[in-house]
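Throughout, numbering of the chain's residues begins at 1 and tracks the sequence. Every value quoted in this text rests on a predicted model; they were computed, and no experiment measured them.
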Amino acid sequence: MVTLTLSCAVSADGYLDDRSSERVVLSSPEDLAAVLALRAQMDMIVIGAETLRRDDPSLATRGERHRASRAAAGLSPDPVKLVVTRSGDIPHDRAFFRDGMGEKIVLSRNPTRAPGTVEPFTGDPIDAVVQLAEARHFGQVLIEGGAQILRLALSKSRYLRLAVSPRRLGDGGHARLFDDLNRFLANLHVTQTEKLGDTRIYHIDLLLSRARPHMATALRLSARCPASETAFAVGCLGCDAALNVLATGYSRETGPQDHAEEAMLTKTSEPIHTVIVTLEPCLTRASKPTGCAQWLVRAGVKRVIYAVAEDATFTRQTGLAHLASHGIEVLHLPGFEAEFRAANASIYDAS
């Protein structure tokens with residue numbers, strides 16, 4: 001599986017660069033060192049043609065420590081480098097092509113005489129990057145910009161490492177990612193923040209960010225559940241890998257003893273990649289011999305995102321461990337505990 005990570009540094013007012021001919025440095029030295037360490041973990045690093053022209057990045061592994069860490073991980077001394085271009089018109093004399101021992105790839109929509117390995121593409125360039133990475137059995141891909149490719153990749157990447165400088169560029173800024181940091185972060189799932197020198201780093205899980213509105217939908221579905229004093233009200237969505245919803249379900253929707261996951265699975269013949277559910281899938285239950293975790297395994301589900309782990313109100317479950325033991329990715333999306341308790345107020349108030 002290919003994991004796409006985005007990395008960029010922006011000014012406090014959201015610009016990736018300024019309008020001068022010189023590259024503006026928005027990262028502190030400490031942040032730059034952390035980015036070098038991140039690059040050293042990658043199979044491939046991707047930039048856009050505008051970044052190649054304006055910034056002339058090398059992207060080669062720097063420092064013996066990073067080269068040693070790559071060698072210890074069984075990686076080549078330098079990651080593969082890839083530049084995306086629509087026109088094919090890119091300069092050939094850049095450090096991107098000169099530096100490093102790794103392969104240099106030009107992913108171009110139009111014919112080009114650029115040096116390195118030329119790979120044509122049609123359609124979405126991010127899809128083309130993923131397909132190329134899959135064909136070469138790459139796991140970790142880092143996308144560093146510029147603005148256009150970052151915007152295209154936001155909806156398809158797993159992680160974003162956002163470095164925010166205290167510096168404001170104002171009218172001199174170029175290539176804006178956002179105009180207000182707080183609004184930009186409001187709907188994103190920030191897993192960690194740290195300060196490196198004068199630069200604030202936000203580590204963001206973009207997959208869980210995209211799952212948040214779906215979890216809110218699942219909670220609204222749980223409000224439709226017929227009342228019960230012996231079972232929780234749960235909502236569930238079955239999605240493809242891109243989190244497009246294929247089917248929905250809620251507790252007791254299709255029968256008095258049916259759980260949300262069962263109801264969802266009965267509504268589609270399409271393969272379900274990701275299940276988004278308000279409560280941990282059960283493994284054991286009094287009403288039926290097969291738990292929801294077992295049904296999800298049998299259905300070939302690849303990922304489960306849940307809001308709340310089951311407590312001891314009825315019975316403690318080991319559904320999450322069962323899913324993980326069968327190779328299913330299990331992710332917790334926090335922040336919905338109060339909504340879940342509200343949807344099940346009659347049970348919690350009684351206990």
Side-chain angles (χ1 to χ4, degrees), residues 1-5 130 133-134 137-141 155-159 189 191 203-219 221-222 231-251 253-254 258-285 287-311 314-337 340:
M1 183 179 70
V2 177
T3 299
L4 297 182
T5 299
V130 172
E134 289 175 340
H137 305 290
F138 293 160
Q140 299 295 325
V141 175
S155 64
K156 300 185 177 186
S157 298
R158 178 61 195 270
Y159 300 110
H189 185 72
T191 60
H203 298 274
I204 298 164
D205 190 317
L206 292 170
L207 172 66
L208 291 184
S209 300
R210 295 191 291 273
R212 290 182 66 83
H214 289 326
M215 190 65 78
T217 297
L219 280 161
L221 284 171
S222 69
F232 285 116
V234 178
C236 175
L237 277 65
C239 306
D240 63 15
L243 299 192
N244 298 304
V245 178
L246 302 175
T248 66
Y250 55 87
S251 302
E253 178 186 10
T254 51
D258 290 352
H259 286 192
E261 298 93 329
E262 290 178 282
M264 178 273 294
L265 287 172
T266 63
K267 295 180 183 178
T268 181
S269 59
E270 296 186 64
I272 300 294
H273 181 281
T274 298
V275 169
I276 299 174
V277 62
T278 59
L279 181 67
E280 167 187 3
C282 67
L283 182 59
T284 58
R285 53 197 291 192
S287 58
K288 293 186 180 182
T290 303
C292 292
Q294 294 164 302
W295 284 121
L296 297 181
V297 171
R298 293 178 188 179
V301 169
K302 306 301 182 186
R303 178 191 294 131
V304 171
I305 302 173
Y306 71 98
V308 176
E310 186 154 351
D311 57 24
F314 296 123
T315 178
R316 288 198 180 276
Q317 292 287 346
T318 56
L320 300 178
H322 182 78
L323 294 169
S325 71
H326 284 80
I328 296 176
E329 183 181 17
V330 177
L331 300 173
H332 178 220
L333 180 55
F336 293 92
E337 292 81 4
F340 179 81

- Item | side-chain contact (heavy atoms from CB on, under 4.5 Å) between F336 and V308, worked out | CA-CA 8 Å; F336 293 92; V308 176; 5.7 Å; no
- From CA spacing to verdict: side-chain contact (heavy atoms from CB on, under 4.5 Å), K288, H259: CA-CA 10 Å; K288 293 186 180 182; H259 286 192; over 6 Å; no
- Give the C-alpha distance, both sets of side-chain angles, the deciding distance and a yes or no for side-chain contact (heavy atoms from CB on, under 4.5 Å) between L237 and L221. CA-CA 9 Å; L237 277 65; L221 284 171; 3.7 Å; yes
- Query: Hey, mind stepping through I328 and V275 against side-chain contact (heavy atoms from CB on, under 4.5 Å) and telling me if it holds?
  - Reply: CA-CA 11 Å; I328 296 176; V275 169; over 6 Å; no
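Under the 3.5 Å distance criterion, the side-chain polar atoms of H273 are left unmatched by any main-chain donor or acceptor of V301. In this structure, the side chain of T268 does not engage the main chain of M264 through any donor-acceptor pair within 3.5 Å. Judged purely by atom type and a 3.5 angstrom limit, E310 has no side-chain atom pairing as donor or acceptor with the backbone of C282. In this structure, the side chain of T3 does not engage the main chain of Q140 through any donor-acceptor pair within 3.5 Å. Under the 3.5 Å distance criterion, the side-chain polar atoms of E337 are matched with a main-chain donor or acceptor of G335. Checking side-chain atoms of T278 against main-chain N and O of G235 turns up a donor-acceptor pair under 3.5 Å. One N or O on the side chain of S251 and one on the backbone of V234 form a donor-acceptor pair closer than 3.5 Å.
Residues E262 and T254 are not in side-chain contact: their nearest non-hydrogen atoms beyond the backbone lie 4.5 Å or more apart. By the 4.5 Å heavy-atom criterion applied to side chains, L320 and P281 are counted as neighbours. Side-chain atoms of E134 and V130, non-hydrogen and from C-beta on, do get closer than 4.5 Å to each other. Two residues are said to be in side-chain contact when any heavy atoms from C-beta on lie closer than 4.5 Å; T217 and T248 fail this criterion.
When all heavy atoms are compared, the tightest approach of A247 to K267 is CB-CB, 4.1 Å. Of all the heavy atoms in I305 and A211, the pair that sits closest is CD1-CB, 3.9 Å. Closest heavy-atom contact between A133 and V2: CB-CG2, 3.8 Å. What you find for E253 and A263 is that their closest heavy atoms are OE1-CB, 3.6 Å. For the residue pair A218 and C236, the shortest heavy atom distance occurs at CB-N, 4.1 Å. Taking both residues in full, the closest heavy atoms of L4 and K156 are given as CD1-O, 3.8 Å, listed atom of the first, atom of the second, then distance.
For the side-chain contact (heavy atoms from CB on, under 4.5 Å) with R303, the qualifying choice from V330, L296, L207, I272 is L207, the only one to do so.
Atoms CG and CD1, from L331 and I276 in turn, are 10.0 Å apart once rounded to the nearest 0.5 Å. For the atom pair OG1 of T274 and CG of D240, the computed distance is 8.0 Å after rounding to the nearest 0.5 Å. Between the OG1 atom of T266 and the CG atom of D258 there is a distance of 7.5 Å, given to the nearest 0.5 Å. To the nearest 0.5 Å, the span separating CZ on F232 from OG on S222 amounts to 12.0 Å. Atom OH of residue Y159 and atom CG of residue D205 lie 5.5 Å apart, to the nearest 0.5 angstrom. To the nearest 0.5 Å, atoms CG (L283) and CG (L323) are separated by 8.5 Å.
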